[in-house]
Amino acid sequence: MLGRRPTLKIGLLIAALALGATTKAQEERKPGALVGPVTFMIADWPEMIEMARILKPNWEKLGMTVNVQQATLNSMMAQVAGEHRAPQLAAFGWGGGPDRIDPDFFLTEFFHSKRVAKGGYNVGNYVNPDYDKLDDAQRAEMDDAKRHQLVKQAQQMLYRDRPGMVLYYIDYLTPYRADRIDGAVSVMGNGAALSYIPWTYLDGKTKQGRPIVKALTQYDISTLNPFATGEVTNGALLRWVYAPLVMRDKNLGLIPWAAESWKVLDPQTAEVTIRAGMKFSDGVPVTAKDLKFTFDFINQWKFPSYARFTDNVGDVDLVNDRTVRIHLKRPFAPFVANILGYAFIAPQHIWEKVAAQPGLKSPADWPNDQPVGSGPFKLVEWKKSEYIHFTGNKEWFHAPNFAEVYWLIVPSIDSELGMLESGAADLMAWNLTPSQLQRLKPHGDIAAPPAPSHAPREIRFNIALPPFDDVNVRKAFSMATDRKQLVNTLLDGAATVGNDAYISPKLDWADTSLKTPEFNIEAARKMLQAAGYTWDSDGRLHYPK
């Protein structure tokens with residue numbers, strides 16, 4: 001087996017080839033040359049803006065200029081993930097989607113070399129064949145105890161190679177009007193009002209006979225096409241309409257949802273039976289043919305956000321009108337959590353016509369303006385930048401108590417707080433800091449039960465670009481990052497600091513022996529000095545000679 005340093009150098013060459021050309025930054029990396037400047041890209045959230053304000057001066061004490069580049073979330077993700085054009089540094093605030101509870105999402109989607117591609121989430125070009133082998137092994141290991149050990153070994157390799165750094169895992173504080181809603185449910189990674197694991201919207205009840213519930217959020221979705229998006233909120237809301245086969249319960253256990261049952265016949269074969277009597281919103285009955293079509297459709301078109309399907313799912317056979325048999329290409333341990341928990345049933349009679357439309361490059365490009373699903377909600381209208389209007393599906397086996405839900409797009413936190421205070425809205429599907437929550441304290445009817453998260457706030461290094469192709473620089477930046485200050489300043493302490501291994505310490509998958517890097521700028525500079533970096537009389541950092 002190749003040693004770590006040669007392996008990673010080969011990986012960097014592969015990553016550079018994946019980018020298509022030698023960049024200007026790479027051309028400028030010469031012995032003794034000035035390091036930087038580097039670009040740090042963030043979404044234009046208040047949390048991210050304040051984060052950058054705190055991080056920039058500490059990083060610049062290492063001797064290089066850091067330029068902060070702001071963008072809207074959608075435009076940032078379109079560039080960094082969609083076009084695979086990340087700058088040297090990029091900050092991300094990941095949502096607590098249910099398919100992200102199993103460690104496979106963060107270990108594979110972020111760091112496997114197969115995800116170095118347009119639409120993939122390995123935006124930092126981490127390519128390490130040794131890591132790929134380890135990640136592939138944890139995905140295939142069906143023995144839970146053995147898989148836990150492999151997952152921990154993968155974390156140890158990430159901690160050593162440092163392709164990114166985890167800042168913290170927020171505690172969700174999502175307020176709602178307790179005088180208007182009874183039975184709200186706060187779930188890990190979701191809080192009480194987010195859309196990912198939406199038990200409040202399913203089991204909550206309105207008081208005072210109010211039929212309409214209004215939820216607030218800062219950002220709009222970008223598409224109604226369930227094949228087109230991997231963005232967590234967009235995907236979660238569409239799964240209100242296109243129900244997943246399996247759902248996380250209130251305690252994060254896996255329960256049947258659009259599927260009535262599943263049976264694992266052997267490590268590479270499973271049968272899934274869908275619920276009886278389901279109908280699409282246009283009245284057409286749902287059958288196993290639709291489910292087989294959906295899997296075949298994904299395999300045919302290879303939508304980027306469904307790479308876990310095309311990686312692992314082979315042939316799908318019809319058993320009867322309600323049951324399919326799924327053949328996996330290889331054993332896949334998170335099959336139930338991350339395939340069945342993400343898969344939905346697309347109406348064949350709609351999507352086979354979409355694929356046949358002339359001039360359409362991919363069905364993912366179709367706007368799907370009138371979604372036809374079979375889940376617990378029906379989508380009535382999406383008015384861009386204003387609202388999304390849902391109605392409850394009374395025919396769903398677990399029909400929601402809310403008759404109507406309006407998902408209101410309100411970009412300003414202050415405006416959202418005012419609307420919640422005045423009664424113009426009922427829930428806030430956005431995380432608040434404790435200090436923001438203080439404003440609502442005088443209103444005794446507003447509640448926000450806290451919930452931890454498994455999804456990180458992180459910064460990814462583009463290791464195909466200097467200076468972050470050097471692990472010493474990556475580790476120095478990690479040491480020059482004061483995570484405790486971030487947690488205390490941005491979130492009033494309502495978060496758990498990260499350790500750069502990407503699995504939340506709140507989950508039993510975490511290797512808790514890997515400690516958070518100590519904030520120490522002097523030690524970071526000594527590390528750079530030991531690696532051959534020097535400073536000129538103006539304090540500017542230079543590459544080793």
Side-chain angles (χ1 to χ4, degrees), residues 77 80-81 86 90-117 119-128 131-141 147-170 188-190 196-197 230-233 235-236 248 252 304-308 311-312 332-335 337-339 341-342 452-461 463 474 478 483 495-512 514 516:
M77 292 306 294
V80 173
F92 300 94
W94 298 96
D99 61 316
R100 300 174 180 183
I101 294 170
D102 185 280
D104 184 68
F105 178 85
F106 293 115
L107 296 182
T108 300
E109 301 302 323
F110 284 15
F111 300 115
H112 198 289
S113 65
K114 287 184 178 179
R115 302 301 188 259
V116 178
Y121 286 153
N122 188 345
V123 299
N125 298 295
Y126 177 65
V127 179
N128 183 341
Y131 178 83
D132 287 352
K133 290 176 184 177
L134 189 55
D135 186 44
D136 289 340
Q138 70 83 13
R139 303 184 99 195
E141 181 54 67
R147 186 174 178 232
H148 269 71
Q149 290 304 310
L150 291 168
V151 166
K152 289 184 177 181
Q153 290 175 40
Q155 293 172 70
Q156 291 160 14
M157 191 172 290
L158 293 176
Y159 190 82
R160 182 189 67 195
D161 290 348
R162 216 61 61 101
M165 51 183 174
V166 176
L167 304 177
Y168 48 82
Y169 300 86
I170 64 173
M188 180 178 180
N190 187 85
Y196 315 139
I197 308 175
E231 196 281 319
V232 64
T233 299
R248 292 280 181 178
L252 303 184
S305 57
Y306 290 84
R308 72 189 81 167
D311 280 354
N312 296 289
F332 185 55
F335 168 73
N338 285 12
I339 297 289
Y342 200 68
S453 178
H454 54 280
R457 295 291 199 260
E458 57 127 358
I459 293 172
R460 203 81 58 85
F461 301 112
I463 67 174
R474 301 196 296 272
S478 187
R483 293 162 174 80
T496 301
V497 294
N499 66 356
D500 296 353
Y502 280 84
I503 304 300
S504 168
K506 301 291 185 181
L507 298 174
D508 69 353
W509 297 98
D511 186 344
T512 54
L514 303 175
T516 300

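Values below: all heavy atoms of this structure, side chains included; hydrogens, waters and symmetry mates excluded.
The two atoms that bring V80 and A86 nearest to each other are CG1-CB, 3.8 Å, heavy atoms only. Between V127 and V116, the shortest heavy-atom distance links the atoms CG2-CG2, 3.9 Å. The minimum heavy-atom distance linking L514 with A501 is given by the pair CD1-CB, 3.8 Å. Taking every heavy atom of both residues into account, P505 and A510 meet most closely at CA-CB, 3.8 Å.
In this structure, R308 contributes its side chain and I339 its backbone to no donor-acceptor pair below 3.5 Å. Listed for the Q138 side chain is no donor-acceptor partner under 3.5 Å among the backbone atoms of Q153. Listed for the N338 side chain is a donor-acceptor partner under 3.5 Å among the backbone atoms of D99. A donor-acceptor pair is defined here as one N or O able to donate and one able to accept, closer than 3.5 Å; no such pair exists between the side chain of D102 and the backbone of P334. Side-chain atoms of Y131 come within 3.5 Å of backbone N or O of L107 as a donor-acceptor pair.
The distance from the CD1 atom of I101 to the CG atom of L252 is 4.5 Å, given to the nearest 0.5 Å. Separation of atoms OH (Y502) and CE (M165) is listed at 8.5 Å; rounding is to 0.5 Å. The line from CG of N190 to CE of M188 is 11.5 Å long, rounded to the nearest 0.5 Å. Q149 CD to K152 NZ: the interatomic distance, rounded to the nearest 0.5 Å, is 5.5 Å. Distance OG/S504 to CZ/R100: 14.0 Å, rounded to 0.5 Å. Distance check, rounded to the nearest 0.5 Å: CD1 of I463 to CZ of R474 gives 5.0 Å.
Considering only heavy atoms from C-beta on, W94 stays 4.5 Å or farther from V232 through its side chain. Put simply, the side chain of F461 does not reach to within 4.5 Å of the side chain of P163, judged on heavy atoms. Between P452 and T496 the shortest side-chain heavy-atom distance does not fall below 4.5 Å. For the pair R248 and Y196, the minimum side-chain heavy-atom distance is 4.5 Å or more. In this structure, R457 and Y169 have side chains that are not in contact, with every pair of non-hydrogen atoms separated by 4.5 Å or more. No side-chain heavy atom of M77 sits less than 4.5 Å from a side-chain heavy atom of E231.
Listed by chain and residue number, R162, S478, R483 satisfy the side chain to side chain donor-acceptor pair (under 3.5 Å) test with D500 (two or more places apart in sequence, or in another chain). Residues meeting the side chain to side chain donor-acceptor pair (under 3.5 Å) test with T108, sequence neighbours left out: D104, D135, R139. Annotation: side-chain contact (heavy atoms from CB on, under 4.5 Å) contacts of K114 (sequence neighbours excluded): H112, D311. Residues forming a side-chain contact (heavy atoms from CB on, under 4.5 Å) with P304 (at least two apart in sequence, or on another chain): none. Scored by the side-chain contact (heavy atoms from CB on, under 4.5 Å) test, E141 finds D143, K146, R147, L150 as partners (sequence neighbours excluded). The side chain to side chain donor-acceptor pair (under 3.5 Å) check on E109 picks up R115, with sequence neighbours excluded.
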- Message: Could you go through Y121 and F92, starting from their C-alpha distance and side-chain angles, then the distance that decides it, and tell me whether this counts as ring pair (Phe, Tyr, Trp, His ring centres under 6.0 Å)?
- Response: CA-CA 11 Å; Y121 286 153; F92 300 94; 8.2 Å; no

- Item | Working for side chain to side chain contact (heavy atoms under 4.5 Å, CB included), residues D511 and I503 | CA-CA 8 Å; D511 186 344; I503 304 300; over 6 Å; no

- Verdict with supporting geometry, F106 and Q155, side chain to side chain contact (heavy atoms under 4.5 Å, CB included): CA-CA 10 Å; F106 293 115; Q155 293 172 70; over 6 Å; no

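You'll find the ring centres of Y126 and F110 outside the 6.0 Å limit.
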